[in-house]
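Heads up, the thing below is written out as structure tokens.
We're numbering straight along the sequence, starting at 1. Both counts, for ligands and for their atoms, begin at 1 and track the order of listing.
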Amino acid sequence: MTIQPDRLYLDHAATTPIDPAVAEAMAPFVSSGEQFGNPSSLHRWGKLARKAMGQARETLAECLNTTPEEWVFTSGGTEANNLAILGLAHTLAPKGKHIIVSAIEHSAVTNPAKYLQAMGWEVTFLPVTADGVVELDTLQAACRPDTVLVSVMHGNNEVGSIQPIQAMGQLLQARGIAFHTDAVQTAGKLPINLADLAVDYLSISSHKLYGPKGGGALFVRASAPKPSPLLFGGGQEEKLRSGTENVATCVGLAEALRLCQDKLATETPRLRALQAQWLEQLPKAIPTAVLNGPALAEHRVPGNLNFSFPPIEGEALVLNLDLKGIGVSSGSACHTGKIEPSHVVMALGRSVPEGRSTIRFSLGRASTQAHLTRVLDVLPAIVDRLTPKKAGPIQ
Ligand SMILES: Cc1ncc(COP(=O)(O)O)c(C=O)c1O
């Protein structure tokens with residue numbers, strides 16, 4: 001996992017480099033040996049591929065304490081979320097046509113929800129606290145007799161807030177409402193025990209946890225209603241996701257998750273300790289920085305940091321840091337030449353300039369204390385240079 005020594009990758013929430021051990025596990029399935037079979041074939045090649053798929057499913061089950069049959073492999077977090085939201089909407093429509101999602105979901109939940117809205121569903125976008133947390137009372141008040149599904153993410157990808165999903169799940173269970181959580185940013189970083197967690201559906205993505213891109217999975221609890229498929233064809237994945245399986249990627253996802261679980265007890269506290277240093281030192285070095293999300297590292301997704309530097313546009317900061325060899329993200333996005341503020345940061349009650357000026361640093365396995373020093377060596381000067389100066393008196 002070597003990033004050029006003069007470059008600093010601080011964007012692990014966008015994607016992670018592949019763990020060499022994951023690449024090694026995938027290698028037989030992307031080389032010219034015998035492991036190229038179609039898992040649906042009856043012959044030896046098919047059996048080998050089927051066995052690999054079965055092992056990958058078992059690994060997911062062992063890591064997150066489920067049965068192997070409760071996993072549907074997908075092409076990533078986006079597809080897992082779409083399968084949950086749109087697939088369940090189709091299944092559950094006869095019971096009611098109201099769904100609830102939080103205001104700070106990833107677009108892979110928000111946009112399927114908006115699509116349902118356009119199709120005549122009612123959608124409630126739950127407000128969050130200034131720290132980016134959905135309160136139980138808010139959820140409770142939003143539930144209606146025709147509410148059939150709630151989707152609230154486990155940990156937010158921008159501001160790192162962690163939601164009380166266990167308490168939410170218990171509340172929803174008592175009301176017979178299906179509950180999905182997007183755990184793309186938390187799987188492999190926070191302990192998740194699905195045997196005890198009150199969620200019916202949970203999405204994960206491979207490339208956020210040192211696995212290959214284009215892989216993910218949706219947990220579908222055996223006792224919960226099945227989503228209707230979005231893809232029709234050969235009936236793979238118990239008819240929930242037709243299409244010849246991407247065996248190498250499924251193997252990679254499973255191995256990546258297994259390795260993350262192995263490292264979790266050491267890596268998560270290490271990231272939290274680093275995060276705490278950033279939370280303390282960055283605002284001291286740059287007093288105009290505004291923290292987005294919870295103040296305590298323990299309340300954030302491990303490794304996540306998010307600050308606004310108003311009135312500077314986030315994209316300008318990203319580009320200037322890139323010139324210094326440092327890779328970070330901005331929550332704002334440029335749409336047709338206009339900088340749109342981050343919908344997540346706006347949902348925390350921030351101003352438009354604050355929403356346009358966010359920077360997310362996301363630390364990972366390669367991150368060290370020295371990286372903070374390096375950022376603090378360059379960022380204050382960048383912020384100072386990009387901050388418009390008030391005109392002084394004419395001399
Ligand atoms: C919270 C969250 N959900 C879903 C996704 C989409 O996952 P994928 O890139 O695997 O489609 C992302 C990716 O950024 C994410 O951060």
Side-chain angles (χ1 to χ4, degrees), residues 9-18 22 60 71-87 101-115 125-126 128 132-134 150-163 165 179-190 192 199 201-219 230-231 241 243 246 248-250 252-254 256-257 260 292-293 300-306 318 327-333 342-345 347 358 360-364:
Y9 185 76
L10 295 175
D11 203 11
H12 292 82
T15 196
T16 49
I18 295 197
V22 170
L60 294 191
W71 288 99
V72 184
F73 284 107
T74 66
S75 63
T78 300
E79 189 190 328
N81 286 346
N82 273 261
L83 179 58
I85 309 289
L86 299 179
V101 303
S102 87
I104 59 167
E105 294 301 307
H106 187 271
S107 50
V109 165
T110 308
N111 285 342
K114 286 185 182 162
Y115 173 78
F125 293 90
L126 286 180
V128 294
V133 178
V134 173
V150 172
S151 181
V152 175
M153 69 203 318
H154 189 194
N156 183 265
N157 48 303
E158 285 189 41
V159 299
S161 49
I162 296 172
Q163 305 298 335
I165 54 169
F179 185 33
H180 165 254
T181 192
D182 173 347
V184 163
Q185 291 291 341
T186 52
K189 291 185 207 146
L190 291 178
I192 296 176
V199 305
Y201 314 93
L202 176 138
S203 304
I204 62 173
S205 169
S206 159
H207 73 107
K208 308 288 186 183
L209 38 85
Y210 304 88
K213 291 170 185 55
L218 179 68
F219 164 74
L230 305 183
L231 298 179
R241 205 274 179 178
N246 186 342
T249 300
C250 296
L253 162 63
L257 182 63
C260 281
N292 296 311
R300 305 181 76 97
V301 169
N304 167 287
L305 297 142
N306 188 305
V318 171
V328 301
S329 271
S330 166
S332 56
S342 146
H343 76 282
V344 174
V345 174
T358 69
R360 177 189 66 193
F361 303 91
S362 44
L363 317 181

Between Asn81 and ligand 1, which part of the residue brings a heavy atom under 4.0 Å of the ligand: side chain, backbone, both or neither?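 The side chain, only.
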Partners passing ring pair (Phe, Tyr, Trp, His ring centres under 6.0 Å) against Phe219 (at least two apart in sequence or in another chain):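 Partners of Phe219 by the ring pair (Phe, Tyr, Trp, His ring centres under 6.0 Å) criterion, ordered by chain and then number, come out as Trp71.
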Would you say Glu79 has any N or O atom under 3.5 Å from an N or O of ligand 1, going by distance alone?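 No, no N or O pair falls under 3.5 Å.
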Short N/O distance, under 3.5 Å, between Gly77 and ligand 1?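 Yes, Gly77 has an N/O under 3.5 Å of an N/O on ligand 1.
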With atoms numbered from 1 as shown, which atoms in ligand 1 lie under 4.0 angstrom from a non-hydrogen atom of [X]?
{"X": "Gly76", "value": "10 (O)"}
{"X": "Ser205", "value": "8 (P), 10 (O)"}
{"X": "Met153", "value": "1 (C)"}

Among protein heavy atoms, which lies nearest [atom], and at what distance?
{"atom": "atom 15 (C) of ligand 1", "value": "His106 CD2, 3.3 Å"}
{"atom": "atom 4 (C) of ligand 1", "value": "Asp182 OD2, 3.5 Å"}
{"atom": "atom 16 (O) of ligand 1", "value": "Gln185 NE2, 2.8 Å"}
{"atom": "atom 11 (O) of ligand 1", "value": "Thr78 OG1, 2.6 Å"}
{"atom": "atom 9 (O) of ligand 1", "value": "His207 NE2, 2.8 Å"}

Is the number of heavy atoms from other residues, nucleotides or ligands within 6.0 Å of NZ (Lys114) greater than 12?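 12 or below, so no.
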Should the heavy atoms of other residues, nucleotides or ligands under 6.0 Å from OH of Tyr115 be counted, would the total exceed 12?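 Incorrect, the count does not exceed 12.
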Judged by modelled atom types alone, do [X] and [Y] share a side-chain donor-acceptor pair under 3.5 Å?
{"X": "His180", "Y": "Ser151", "result": "yes"}
{"X": "Thr181", "Y": "His154", "result": "no"}
{"X": "Ser102", "Y": "Gln163", "result": "no"}
{"X": "Ser329", "Y": "Asp11", "result": "yes"}
{"X": "Thr358", "Y": "Asn306", "result": "no"}

Ligand 1 contacted by Lys208 (non-hydrogen, < 4.0 Å):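 The answer is yes: ligand 1 sits under 4.0 Å from a heavy atom of Lys208.
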